[in-house]
Amino acid sequence: MDAGNPGPHAAVHHVPPPRAAPMSSSSSRLPLLLALGIANALLLPAQARAADDVPTDGDRKVNIALGVGGQYLPGWLGSGQRQWQTVPFFDIEMPGVGELSSTDGLTLHLPHDGPWEAGIYGDYLWGRSRSDLGPRLAGKIPSLSPRVHGGVYAEYQFDGHSALGARLGHDLTGNSAYLAAYYDRDLPQVWYIQHSVELGWRGMNRAAMNRYFGVSAQSATQLQTDAWSPGSGSQQLSANYSAFVPTSQHTGFAFSLDYSRLLGGAASSPLVRQFGSRNQLEESIAFVYHF
C-alpha cells in the first residue's frame with residue numbers, strides 16, 4: 001500500500017502517510033504527494049467547467065486510476081545509499097465515502113460539512129530485507145517484517161488550495177505508534193501542469209524509534225559501535241514537490257521529489273551516523289491512466 005502522503009472534496013485534499021511516508025524506504029508506495037497529481041488529473045474535466053458548474057460529491061462517480069512507475073530511494077530508513085524499484089499504482093476514489101490506493105491504503109471519511117474533515121484509515125508498512133541492508137549490515141541488525149497499521153486523521157481545508165492536517169496511527173500487531181502533521185499548498189498552474197508543495201513533520205513513540213533506529217548490544221558488538229535505545233520524539237522533517245503533466249484527457253505523468261532530514265533519536269542512531277545519512281532524498285515518476 002505510502003509517510004510520506006491523499007480525497008474528493010478539493011484538489012488539494014490529501015491524507016499523507018505517517019512518509020510519508022513509508023516508515024521504511026523499501027516500500028512499494030509512491031511518495032507523499034504522488035496521488036495528489038493523480039487526483040488533479042481525475043478532476044481535469046471538472047476544472048475546465050465554470051465554477052458554478054462543479055459537481056457535488058453526490059453527482060460524481062467512482063474514479064479509478066491505474067498506472068506504473070518507479071522510485072529512486074534510500075535502501076532503508078536512514079540509509080545513505082539509494083536504489084531503484086519499479087512500483088504499481090492504483091487509486092479508487094469513492095466520493096463521499098473514501099479512497100483505496102497504493103499510496104495511502106484505505107481511507108474512510110466521516111460525515112462532515114464545512115472545512116473540517118476527519119476519518120479513519122488502514123495502511124501497510126513495509127519493512128527492510130537483508131538485501132536492502134546490504135553486506136555491511138545484513139545479519140548484524142535485524143531485518144523488519146511488514147506490518148499493517150491503522151488510526152485516525154483530521155484535516156482543515158483553508159481555501160480549496162491549501163490544507164493543514166494530522167494523522168495518528170498504531171501497528172495492529174506491535175507497539176509502534178506514529179504521529180504526522182502536514183501542510184499542503186497547491187501552486188499556481190503553469191500551462192496544463194499542476195503542481196504542489198507539502199511540508200511535514202513526523203514523530204514516533206519509543207517502540208517505533210527502537211524498531212527502526214535502535215541498536216542492541218549484540219548488534220553493537222558485531223558492528224563495533226555503541227548500543228542505542230532512543231526514546232519517543234521527533235523523527236523527521238520533510239518537504240515535497242509534486243507535479244502532474246497530462247498527456248491526454250485520460251493519461252499523464254506524475255513526478256515527485258521528496259527530501260527528509262532525520263531528527264532526534266533517529267539522527268543520533270549509530271546506524272545513521274556511521275552507516276547512513278540524516279538526509280533522505282527520494283525521486284519518483286509514474287505514468288497513469290484513469291477511467
- Query: Is Leu263 close to Arg278 at the side-chain level, that is, under 4.5 Å between some pair of heavy atoms?
  - Reply: yes

- Side chain to side chain, Trp76 and Leu144, heavy atoms closer than 4.5 Å: no

- The single option from Glu155, Glu198, Arg202 that satisfies side-chain hydrogen bond (donor to acceptor under 3.5 Å, both in side chains) with Tyr182 is Glu155

- Message: So which atom in Val215 and which in Ser269 form the shortest heavy-atom distance, rounded to 0.1 Å?
- Response: CG2-OG, 4.3 Å

- Item | Separation between OH of Tyr153 and CG of Leu108, rounded to the nearest 0.5 Å | 8.5 Å

- Query: When His195 is tested against each of Leu187, Asp186, Val245 for side-chain contact (heavy atoms from CB on, under 4.5 Å), which residue passes?
  - Reply: Leu187

- Does atom CD of Gln81 have more than 12 heavy-atom neighbours, drawn from other residues, nucleotides or ligands, at distances under 6.0 Å? no

- Spatial distance of atom CZ (Arg167) from atom NE2 (His149) [nearest 0.5 Å]: 6.0 Å

- Message: Is there a path of hydrophobic side-chain contacts, each under 4.5 Å between heavy atoms of I/L/V/M/F/W/Y residues, joining Leu100 to Val152?
- Response: yes

- Atom CD of Gln235 and atom CZ of Phe213: how far apart are they, to the nearest 0.5 Å? 4.5 Å

- Message: Between Ser79 and Pro74 (side chain of the first, backbone of the second, donor and acceptor by atom type, cut-off under 3.5 Å), is there such a pair?
- Response: no

- Do Trp228 and Ser268 have side-chain N/O donor and acceptor atoms under 3.5 Å apart? no

- Query: Between Gln280 and Glu282, is any pair of side-chain heavy atoms under 4.5 Å apart?
  - Reply: no

- Taking the side chain as C-beta and beyond, is there a heavy-atom pair between Leu137 and Asp132 under 4.5 Å? no

- Message: Between Trp201 and Leu179, is the side-chain contact (heavy atoms from CB on, under 4.5 Å) condition met? List the steps.
- Response: CA-CA 8 Å; Trp201 167 89; Leu179 174 64; 3.8 Å; yes

- Closest heavy-atom contact between Glu99 and Glu93? CG-CA, 4.3 Å

- Message: Tell me whether the count of non-hydrogen atoms from other residues, nucleotides or ligands lying under 6.0 Å of CD in Gln222 goes above 12.
- Response: yes

- Query: So which heavy atom on Ala243 is nearest to which on Ile193, and how close?
  - Reply: CB-CG2, 4.4 Å

- Message: Take a 6.0 Å sphere around CH2 of Trp191 and say whether it holds more than 12 heavy atoms from other residues, nucleotides or ligands.
- Response: no

- Item | Taking every non-hydrogen atom, the tightest pair across Gly252 and Phe244 | CA-CZ, 3.6 Å

- Message: Would you say Ile120 ends up clustered with Ile92 if hydrophobic residues are merged whenever their side chains have heavy atoms under 4.5 Å apart, either directly or through other cluster members?
- Response: yes

- Query: Do Ser256 and Ser242 come within less than 4.5 Å of each other through their side chains, counting heavy atoms only?
  - Reply: yes

- Message: Hydrophobic cluster membership, with links at side-chain heavy-atom distances under 4.5 Å among I/L/V/M/F/W/Y: are Phe90 and Phe291 in one?
- Response: yes

- Item | Student check: side-chain heavy atoms of Asp258 and Leu73 closer than 4.5 Å | no

- Item | side-chain contact (heavy atoms from CB on, under 4.5 Å) between Leu66 and Tyr289, worked out | CA-CA 5 Å; Leu66 302 174; Tyr289 180 88; 5.6 Å; no

- Message: Once rounded to the nearest 0.5 Å, what's the spacing between atom CG of Leu125 and atom CG of Leu77?
- Response: 10.5 Å

- Item | side-chain contact (heavy atoms from CB on, under 4.5 Å) assessment of Ile141 paired with Arg128 | CA-CA 10 Å; Ile141 64 171; Arg128 62 189 183 205; 3.8 Å; yes

- Asn175 atom CG: more than 12 heavy-atom contacts under 6.0 Å: no

- Message: Donor-acceptor check, side chain of Asn210 to backbone of Pro230, threshold 3.5 angstrom: yes or no?
- Response: yes

- Item | Spacing of OG belonging to Ser176 relative to NE2 belonging to His170, to within rounding of 0.5 Å | 7.5 Å

- Would Trp116 and Tyr183 show up in the same hydrophobic cluster when neighbours are defined by side-chain heavy atoms closer than 4.5 Å? yes

- Can you name the residues that form a salt bridge (Lys or Arg N to Asp or Glu O under 4.0 Å) with Arg206, not counting sequence neighbours? none

- Query: Side-chain heavy atoms under 4.5 angstrom apart, residues restricted to Ile, Leu, Val, Met, Phe, Trp, Tyr: same cluster for Tyr192 and Val190?
  - Reply: no

- Message: Taking the side chain as everything from C-beta on, heavy atoms only, tell me whether Phe255 gets closer than 4.5 Å to Glu283.
- Response: no

- Correct closest heavy-atom pair for Ser219 and Lys140 would be OG-O, 2.7 Å

- Message: Under a 3.5 Å distance rule, please check whether Thr221 uses its side chain to pair with a backbone N or O of Ala217 as donor and acceptor.
- Response: yes

- Query: What is the minimum heavy-atom distance between Ala177 and Ala208, and which atoms define it?
  - Reply: O-CB, 3.9 Å

- Any chance you could measure Asn279, atom CG, to Tyr259, atom OH, to the nearest 0.5 Å? 3.5 Å

- Query: Between His290 and His250, what is the ring plane arrangement, given parallel below 30°, perpendicular above 60°, and tilted in between?
  - Reply: tilted

- With a 4.5 Å limit on heavy-atom distance, are the side chains of Leu281 and Tyr72 in contact? no

- Message: Looking at Gly70, is its backbone amide N or carbonyl O close enough to the side chain of Thr86 to form a donor-acceptor pair, meaning the two atoms are under 3.5 Å apart?
- Response: no

- Should we count CZ of Arg130 as having more than 12 external heavy atoms under 6.0 Å? no

- For Asp113, all residues meeting salt bridge (Lys or Arg N to Asp or Glu O under 4.0 Å), sequence neighbours excluded: none

